[in-house]
Each structure stands twice: as structure tokens, then as C-alpha cells.
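Below is one structure, written out as C-alpha cells; comments come after it.
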Amino acid sequence: MSAPCEPRATAPASAPPPPVPPVPPVGSATASAAAPAARRPALDWRIRFAGLSLIWGFSFLLIKVGTEGYAPFQVTFGRLLAGTAVLVAAMAMRRERLPRSARTWGHLTVAALLLNALPFSLFSYAELTIPSTLAGICNATSPLWGMALSVVALSEDRPTRRRVAGLGVGFLGVLTVLGAWQGFSGLDLPGTGMALLASFCYPVGWIYVRRTLAGTGSSTLALTGSQLCLATAQLAVVTTLFTSAPTSFPLLPTLSVLALGALGTGLAVLLQYGLVQEVGPTTAQMVTYFIPVIATAAGVALLGEQLSWNTPVGALVVLVGAALTQSRPRRGAAAAPAPPPVPGSSPVEPAGRGPRTPQP
């Protein structure tokens with residue numbers, strides 16, 4: 001299951017980046033004085049980048065294993081509860097304050113539905129009938145949906161020929177994955193449709209957040225933690241209404257749900273938060289291209305899922321299209337927003353930029 005921005009000027013999504021403080025020019029007196037005081041992370045950013053890629057890549061396998069012991073809504077509720085616990089602990093350590101505006105909480109409720117409760121539930125239901133490999137590849141279509149929607153919904157977004165070409169290439173890849181020339185034979189259409197709809201939810205949520213939650217006065221971490229709390233409350237109600245309490249707690253599915261939440265919905269957010277701050281959004285968002293690769297490898301190696309030739313080939317075409325939709329104009333050309341962003345995600349967007357990596 002991100003771009004640098006001014007502090008307290010962005011809104012959360014499924015895997016938000018932090019506000020990035022202004023950086024003094026290299027060689028200036030301020031930079032020289034501040035350099036010794038800067039705290040370097042204990043782990044190199046490359047190690048954290050690899051960890052983030054693995055966590056989000058394995059999220060689809062964890063969903064699959066979780067649904068073997070629990071109902072889909074229970075899997076989603078468990079992951080949200082565990083992920084919220086991690087972010088609440090991080091907020092307490094950093095002494096973050098919750099938003100105070102009732103209007104902000106109202107918008108966060110909608111964002112929680114679009115970016116967490118609904119897509120997480122759809123992926124859980126989808127993996128009842130489709131392989132985790134296919135779910136991971138469907139997640140990679142979020143940048144394509146985001147680019148298409150931003151053209152319609154965001155007036156400042158002007159598509160370039162390259163980005164439009166990327167959109168076409170990406171959806172050609174989707175048709176290749178689905179085996180359109182075979183009439184989609186052997187494909188579970190409801191399950192695949194739910195996975196694609198889950199991926200579609202992310203850019204819809206991003207656009208909503210951009211329009212409603214910019215400049216709230218709260219930090220990105222506080223907004224994201226609040227959003228996850230609301231999503232957890234939503235799933236608590238839905239799970240109570242539509243499922244019965246589990247009669248047993250099988251070990252492997254239970255551990256999978258806890259890992260999915262604590263790692264994929266909690267720790268991954270903090271990892272991406274730090275990566276964007278340290279190496280910038282362009283490098284951090286490259287995790288998008290590793291998620292479907294890792295999801296496919298994990299599904300085949302650990303779950304014994306079968307692949308036909310069109311699945312990896314189509315996935316590669318999807319990633320090429322996604323990369324083209326994120327391409328930026330050369331210096332001196334008019335800037336255009338760049339959509340990305342899995343698991344699952346999925347992050348906070350500053351004004352004037354498109355959505356980034358979705359959290360699976």
C-alpha cells in the first residue's frame with residue numbers, strides 16, 4: 001500500500017511525506033553553522049529505501065495470508081488499528097497536536113474513507129479471488145488514474161505529449177496484464193475490478209485533500225495520524241455490522257495482519273516521511289517502481305502463484321507508462337504537476353503538485 005513542501009501547508013493521504021524545512025545554500029554561513037548540529041539517521045537512506053520497498057511490496061502477500069484466517073473487513077480493521085498505534089506513538093514522542101477545527105476533522109473523515117478504509121477493504125476483498133501478484137500490479141495503475149483525473153479536476157495541470165503518451169502506454173499495459181486479446185478468459189473480473197477500483201480511490205482522495213486540507217495549520221504527521229484514527233473508527237463500525245467476532249485467532253494470519261498494519265501502514269509512513277526529508281521526493285517516489293516487482297516475486301516464491309507471460313510483460317509496460325506520466329519538463333519549460341505511491345499506499349501533496357506514491 002511526495003514532494004517537498006512548506007511546513008504546515010499540506011494535507012495527508014495514505015503515506016504522507018513530511019514538511020521539508022528550507023535548506024540554506026551550500027557554503028553559506030548558516031549552512032556551515034547548522035551542519036554540525038544536524039542529526040544524521042542511524043541507517044543510510046538506501047537501506048531505509050530498500051526497507052520501504054520490501055514492506056510495501058510484501059503488503060499484498062500479507063493481505064492474502066490475512067484473508068485466509070479472517071474476513072476482509074477484519075483484515076482491514078486490524079491493519080488500521082496496528083498502523084494507527086504506531087503513528088499515535090510517533091505523534092506522542094514528537095508532541096504533535098491534533099487538529100482543532102471541526103471542519104478539518106470533517107474533511108479528514110472523507111479523506112480517511114477515500115485513502116484508507118475503502119481501498120484497503122477493496123484490496124482485501126479482491127485477494128479472496130485474485131492472486132496477490134495481480135493485486136500488486138493493479139496498485140501500480142494509481143499514477144495513471146491520477147494523471148487522467150488531474151487533467152479533469154485540477155485546472156493548473158496541463159498535460160504534455162509525453163505524459164499523455166505515458167497514459168496510453170500504461171493502460172495498454174493494463175490490457176496486457178488482463179489478457180484482453182483472450183477475452184479476459186480465466187480472469188476473475190469482480191476481484192480484478194475491486195483491485196483496480198482500490199487503486200482509483202487513491203488519486204480521487206489526493207485531489208480531494210488538495211482542494212480541502214491545504215493550509216490547515218497542523219503538521220503532516222498530526223493530520224495523517226488523525227486520518228488513520230478516523231479510518232480505524234469507520235472500520236470498527238463496518239466490521240461490527242457486517243462480520244461476526246472471530247472464534248479463533250490462527251497464528252500466521254494474525255501475525256500477517258499485525259505486520260501489515262504496524263509495518264505497511266505505520267512504520268512505512270515514517271520511513272517515507274524521513275526519506276522525502278533527506279533525499280527529496282524525486283528519489284523517494286522511485287519506490288513506486290519496486291512495489292509490483294517485489295509483490296510478484298513474493299507471490300510466486302512464497303505462495304506458489306502462477307504467472308503467464310503477459311503478467312510480467314504487462315506490468316513492465318504499466319511501469320513505463322507510469323514513469324512517463326511523472327516526467328517533468330526541461331528547465332525553462334512550463335512546469336506541470338507530476339502524479340505518482342504502495343501499498344499502499346500515498347502521501348501528502350503540496351499545492352501545485354500531483355499525487356505521489358500510493359500506499360498499498
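- Side-chain N/O atoms of Glu96 and Ser219 include a donor and acceptor closer than 3.5 Å.
- The two residues Ser256 and Gly66 make their nearest non-hydrogen contact at CB-N, 4.1 Å.
- There is no side-chain donor-acceptor pair under 3.5 Å between Thr216 and Thr104.
- Of the possible polar contacts, none joining the Glu127 side chain to the Ala135 backbone as a donor-acceptor pair under 3.5 Å is found.
- Of the possible donor and acceptor atoms, one in the side chain of Glu305 sits under 3.5 Å from a partner among the backbone N and O of Ser132.
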Q: For side-chain contact (heavy atoms from CB on, under 4.5 Å), just list the numbers for Asp188 and Leu134, CA-CA rounded to whole Å, side-chain angles, deciding distance to a tenth of an Å, and then say yes or no.
A: CA-CA 11 Å; Asp188 184 82; Leu134 180 56; over 6 Å; no
Q.
Run the side-chain contact (heavy atoms from CB on, under 4.5 Å) test on Val164 and Leu324 for me, step by step, so that the C-alpha distance in whole Å, both residues' side-chain angles and the decisive distance to 0.1 Å come before the verdict.
A. CA-CA 8 Å; Val164 171; Leu324 289 173; over 6 Å; no
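- The distance from atom CG of Leu113 to atom SG of Cys201, rounded to the nearest 0.5 Å, is 8.0 Å.
- Criterion: ILVMFWY side-chain heavy atoms under 4.5 Å apart, direct or through other members. Under it, Leu52 and Leu43 are not part of a common hydrophobic cluster.
- A donor-acceptor contact closer than 3.5 angstrom is absent between the side chains of Tyr289 and Ser53.
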Q: Go through Val209 and Leu115 one step at a time and tell me if the side-chain contact (heavy atoms from CB on, under 4.5 Å) criterion holds.
A: CA-CA 10 Å; Val209 209; Leu115 290 165; 3.8 Å; yes
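- A donor-acceptor contact shorter than 3.5 Å is absent between the side chain of Ser248 and the backbone of Pro250.
- Not a single donor-acceptor pair under 3.5 Å links the side chain of Thr176 to the backbone N or O of Asn310.
- Rounding to the nearest 0.5 Å gives a distance of 11.0 Å between CG of Leu235 and CG of Leu228.
- Side-chain contact between Val177 and Val317 is absent, with no heavy-atom pair separated by less than 4.5 Å.
- Across every non-hydrogen atom of Thr192 and Ile130, the tightest pair is N-CG2, 3.7 Å.
- Linking Ile, Leu, Val, Met, Phe, Trp and Tyr residues whenever their side-chain heavy atoms come within less than 4.5 Å leaves Leu175 and Leu197 in two separate clusters.
- The aromatic rings of Phe73 and Phe242 lie tilted to each other, with the angle between the two planes from 30° to 60°.
- Considering OG1 of Thr109 and CG of Leu230, their distance stands at 4.5 Å, rounded to 0.5 Å.
- No donor-acceptor pair under 3.5 Å is formed between the side chain of Thr265 and the backbone N or O of Leu80.
- Aromatic ring orientation, Phe290 versus Phe49: perpendicular (interplanar angle above 60°, classes split at 30° and 60°).
- What you find for Ala195 and Ala126 is that their closest heavy atoms are N-CB, 3.9 Å.
- Proximity of a side-chain donor or acceptor of Thr84 to a complementary backbone N or O of Leu81 within less than 3.5 Å is not detected.
- In terms of heavy atoms, Leu108 sits closest to Ser226 at CD1-CB, 3.9 Å.
- With hydrogens and angles ignored, the 3.5 Å screen pairs no side-chain donor or acceptor of Gln74 with any backbone N or O of Thr67.
- Thr141 contributes a side-chain N or O that, together with a main-chain N or O of Cys138, makes up a donor-acceptor pair within less than 3.5 Å.
- Between the side chain of Arg79 and the main chain of Gly261, no donor-acceptor pair closer than 3.5 Å is present.
- For the pair Pro312 and Trp309, the tightest heavy-atom approach, listed with the atom from each and the gap, is CD-O, 3.3 Å.
- The two residues Thr325 and Gly166 make their nearest non-hydrogen contact at CG2-C, 3.7 Å.
- Each of Leu172 and Val318 belongs to its own hydrophobic cluster when Ile, Leu, Val, Met, Phe, Trp and Tyr are linked at side-chain heavy-atom distances under 4.5 angstrom.
- Residue Ile294 holds its CD1 atom at 10.0 Å from CD1 of Ile55, rounded to the nearest 0.5 Å.
- Distance CD/Glu68 to CG/Leu128: 10.0 Å, rounded to 0.5 Å.
- The closest side-chain heavy-atom distance from Val75 to Pro72 is not below 4.5 Å.
- Hydrophobic clustering, with ILVMFWY side chains joined whenever heavy atoms are under 4.5 angstrom apart, groups Tyr125 together with Leu303.
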Q: Apply side-chain contact (heavy atoms from CB on, under 4.5 Å) to Phe123 and Asn139, showing your working.
A: CA-CA 9 Å; Phe123 272 125; Asn139 182 73; 3.8 Å; yes
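- Both Trp105 and Leu114 belong to a single network of hydrophobic side chains, linked directly or stepwise wherever heavy atoms of I, L, V, M, F, W or Y lie under 4.5 Å apart.
- Contact annotation: the side chain of Leu149 approaches that of Phe200 to within less than 4.5 Å [non-hydrogen atoms, C-beta and beyond].
- We find the CZ-CZ distance between Phe120 and Phe77 to be 14.0 Å, quoted to the nearest 0.5 Å.
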